[in-house]
Amino acid sequence: MPPAPLLERLLPFLAWPRLWSAGGLRNDLVAGITVALVMVPQSLAYAQLGALPPHIGLYAALLPAVVGALFGSCGQLSTGPVALTALLSGASLLPLARPDTPEFLALAVLLALLSGLIQLALGVLRLGWLLNLLSHPVLMGFINAAALIICLSQLPPLLGLHLSNGEQFLAGLAGALADPGRIHLPSVLFGLGALVALTALRRFVPRLPGVLLVAAAATALSALLGFEAGGGRVVGAIPAGLPDLVLPAPDLKAAAALLPAAFVIALVSFMEAASSARLISGKRRQPWNQNQELIGQGLAKLAAAFSGAMPVSASFSRSALNHASGARTGFSSLVTAAVVLLALLHFTPLLWHLPVPVLAAIILQAVVGLIDVRALARAWHASRDDGLAGTLTFAATLAFAPNIQNGILTGLLFSLALMLYRSMKPRVALLGLHPDGTYRDLERFGLTHPHPHAVILRFDGPLTFVTAATFEEGVLRAVRAQDAVRVVLVSGAGINDIDATGLHTLGGLAERLRSQGQFMAFCGLKKQAIDALQRDGLWEHLAPHAAYRTEAQALEALRLVLDGTGSA
């Protein structure tokens, strides 16, 4: 497929008319309306998850959805409030301000601004590859723990319990459950009933907008039965009309406090968006651009900040629904935003009696699919380090709750430390001639050295300041591997880079061996390694015995030296 024109890559929405000409607008219209029927009740629920007023979730489903669709590279992504980002936002803000206060909302807006600026900067500077530093086991460890925390956090509203924000969550929940008298039975019936209905609709009639049907039925039933008058919690008044577009007030002290959380939200929310984009683009056999998607998601978060909303991301479930409903371009998200706008302008009074336990059920039904314990088991099967990183992230996220962003930072730092440690210890092996004619690890395969006066050392890694000490130790150990070693032949096919420290180490070893009547030879060196040796001037000293291509060729050329009838 030929690359898109430059203007279309910068402004992806310019490509929409070309796609419409092939399939028309009908699919986008149907998909947009379908997603909107899920988006409205989900937006209310995810605002609750972020400890924000319900209408903030609707604001997050308006302008951010439009901007994300206009500037993103995958037209099927549905941008707006999502569970994981909402939880991260609420958890990051709770230590700084009390919910239901203007200060809390202002911090949420600032968090959207900071995380958006981070994503936008990464995209503009083409630094999307930095997000690959977050390994899959670490991400899955965090998502599993966060999903578990989300599920636990929804138990109080599901059961009609009132826990104060100041009390320790698990202790407060355990105390409340130990006193059945605190449980509000009508809330339990609404919450569990909604959860059962959502599960049944999703399993048996997945094409129906189950979330909307359950929310509408519960709202009507709540009004009919007087749920609020009986002590049940409902959504209540939702301000009608559009959000004010304002520039968030600068607060350097608050920004500095929120910066680590903003980085985590930028990282995690984009990983969720990237997962959806990869999956959908693979199914549609269409390319997507990681840096352009960073720009789109970053601008969407900035749009959320300017419209007084919470941080947003691309929803995995809504994006999958958008794709399954036939969406071809981001125009479907514009249709979704239009339906949300209509709900804000005309239908907010109808939402007064929507029970809060039903919102908890909506969150539980959406989040339970994020739990994937098998992912951690696969990480352990793949490698002990990956399993340890994933498990540590899972445990740290639970331990740091509600400050769960510290959990993923712990996993990220641990996995980077493991990567650095592994890079400091590349594999070093002495080789012998295998019956199949190749030179392989003599210790592993029980082989012998190729000659009484020669050893072959294979070094599997770059020769840099990180690995130079390991290389030096390997060469000196090779010299002592036999009693009368004259030549250390370095099999260098695995050396793909040499830096100044590596060159200094090589020069020192060559001089040391020469003073002992020994020398180093090389075979299989790559061009980039030879170029580094030539730039340093070391090549002219090593070249007579450093240009061999294979171990066999080197041993044949060095035969006279090894037999004592020739000189180096």
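Position 1 is the first residue of the sequence; numbering continues from there. Just so it is clear, the values below take in all heavy atoms, side chains as well, and ignore hydrogens, waters and symmetry mates. What you are looking at is a predicted structure, and each value in this text was computed from that prediction instead of being measured.
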Could you walk me through whether Leu63 and Phe306 pass side chain to side chain contact (heavy atoms under 4.5 Å, CB included), step by step? CA-CA 9 Å; Leu63 189 59; Phe306 293 141; 5.6 Å; no
Under 3.5 Å, is there a donor-acceptor pair between the side chain of Thr79 and the main chain of Pro64? no
Donor-acceptor pair, side chain of Ser325 and main chain of Ala31, under 3.5 angstrom: no
Please check this pair: side chain of Gln154 against backbone of Ile363, looking for a donor-acceptor N/O pair closer than 3.5 Å. no
Audit row: Leu155, Leu161, side chain to side chain contact (heavy atoms under 4.5 Å, CB included) steps and yes/no: CA-CA 8 Å; Leu155 285 181; Leu161 297 173; over 6 Å; no
Residues in salt bridge (charged side-chain N to carboxylate O under 4.0 Å, His left out) contact with Asp251, at least two apart in sequence or another chain: none
Determine whether Val335 and Val30 satisfy the following criterion, side chain to side chain contact (heavy atoms under 4.5 Å, CB included), listing intermediate values before the conclusion. CA-CA 9 Å; Val335 174; Val30 172; over 6 Å; no
Is a side-chain donor or acceptor of Ser115 paired with a backbone partner of Ile265 at a separation under 3.5 angstrom? no
State, to 0.1 Å, how close Ala255 and Leu114 come at their nearest heavy-atom pair, and which atoms those are. O-CD1, 3.7 Å
Verify whether one side chain among Ser222 and Glu228 offers a donor that lies under 3.5 Å from an acceptor in the other. no
Sidechain-backbone polar pair: Asn322 side chain, Gln76 backbone, donor-acceptor under 3.5 Å: yes
Just verifying a value: how many Å separate Leu110 CG and Leu93 CG, rounded to the nearest 0.5 Å? 9.0 Å
Among Val268, Val264, Leu398, Thr397, the one residue meeting side-chain contact (heavy atoms from CB on, under 4.5 Å) with Ile404: Thr397
Taking the side chain as everything from C-beta on, heavy atoms only, tell me whether Pro157 gets closer than 4.5 Å to Gln48. yes
Between CZ of Phe227 and CG of Leu189, what distance do you get to the nearest 0.5 Å? 9.5 Å
So which atom in Val367 and which in Ala83 form the shortest heavy-atom distance, rounded to 0.1 Å? CG2-CB, 3.6 Å
Would you say Leu52 and Asp100 make side-chain contact, with heavy atoms under 4.5 Å? no
Evaluate Trp129 against Gln290 for side chain to side chain donor-acceptor pair (under 3.5 Å), listing each step before the verdict. CA-CA 8 Å; Trp129 58 269; Gln290 178 173 259; over 6 Å; no
Run the ring pair (Phe, Tyr, Trp, His ring centres under 6.0 Å) test on Phe394 and Phe142 for me, step by step, so that the C-alpha distance in whole Å, both residues' side-chain angles and the decisive distance to 0.1 Å come before the verdict. CA-CA 5 Å; Phe394 179 84; Phe142 173 75; over 10 Å; no
Taking every non-hydrogen atom, the tightest pair across Val138 and Thr393: O-CG2, 3.4 Å
Evaluate the side-chain proximity of Val235 to Ile238: yes if any heavy-atom separation is below 4.5 Å, no if none is. yes
Working to the nearest 0.5 angstrom, can you tell me the gap between Leu267 CG and Gln405 CD? 12.5 Å
Roughly how far, to the nearest 0.5 Å, is OG1 of Thr219 from CG of Leu354? 4.0 Å
Interatomic distance, OG@Ser319 vs CG@Leu77, rounded to 0.5 Å, equals 4.5 Å
Would you call Leu201 and Arg207 a side-chain contact if the rule is heavy atoms closer than 4.5 Å? no
Give a yes or no on whether the backbone of Ala327 and the side-chain of Asn27 come within a donor-acceptor separation of less than 3.5 Å. no
Are Trp288 and Ile280 packed together at the side-chain level, in the sense that at least one heavy-atom pair is separated by less than 4.5 angstrom? no
Between Val234 and Phe190, does the side chain to side chain contact (heavy atoms under 4.5 Å, CB included) criterion hold? Intermediate values first, please. CA-CA 11 Å; Val234 296; Phe190 265 102; over 6 Å; no
Can any side-chain N or O of Thr348 pair as donor or acceptor with the backbone N or O of Leu345 at less than 3.5 Å? no
Residue pairs meeting ring-ring contact (aromatic ring centres under 6.0 Å, His included), one or both in residues 316-335, sequence neighbours left out, come to Trp20-Phe331
Could you tell me whether the side chain of Thr101 and the main chain of Arg98 form a donor-acceptor pair under 3.5 Å? yes
So which atom in Leu158 and which in Ala361 form the shortest heavy-atom distance, rounded to 0.1 Å? CD1-N, 4.1 Å
Residue pair Val211 / Leu37, side-chain heavy-atom distance below 4.5 Å: no
Please answer whether the main-chain N or O of Ser73 pairs with a side-chain N or O of Asn289 as donor and acceptor at a distance below 3.5 Å. no
In terms of heavy-atom contacts, does CZ of Phe263 have more than 12 from other residues, nucleotides or ligands at under 6.0 Å? no
Looking only at side chains, do Ser313 and Lys301 share a donor and an acceptor under 3.5 Å apart? no
Hey, are the side chains of Gln292 and Pro12 touching, using non-hydrogen atoms and a 4.5 Å cut-off? yes
Which heavy-atom pair separates Pro260 from Ala257 by the least distance, and what is that distance? CD-O, 3.7 Å
Taking the side chain as every heavy atom from C-beta outward, state whether Leu302 and Leu113 have any atom pair closer than 4.5 Å. yes
Hey, what do you get for CG (Leu242) to OH (Tyr59), rounding to the nearest 0.5 Å? 8.0 Å
Report the residues that fulfil salt bridge (charged side-chain N to carboxylate O under 4.0 Å, His left out) with Arg202, sequence neighbours left out, ordered by chain and then residue number. none
For Ile371 and Cys151, the nearest pair of non-hydrogen atoms, with its separation, is CD1-SG, 4.5 Å
Any donor-acceptor pair under 3.5 Å from Thr336 side chain to Ser332 backbone: yes
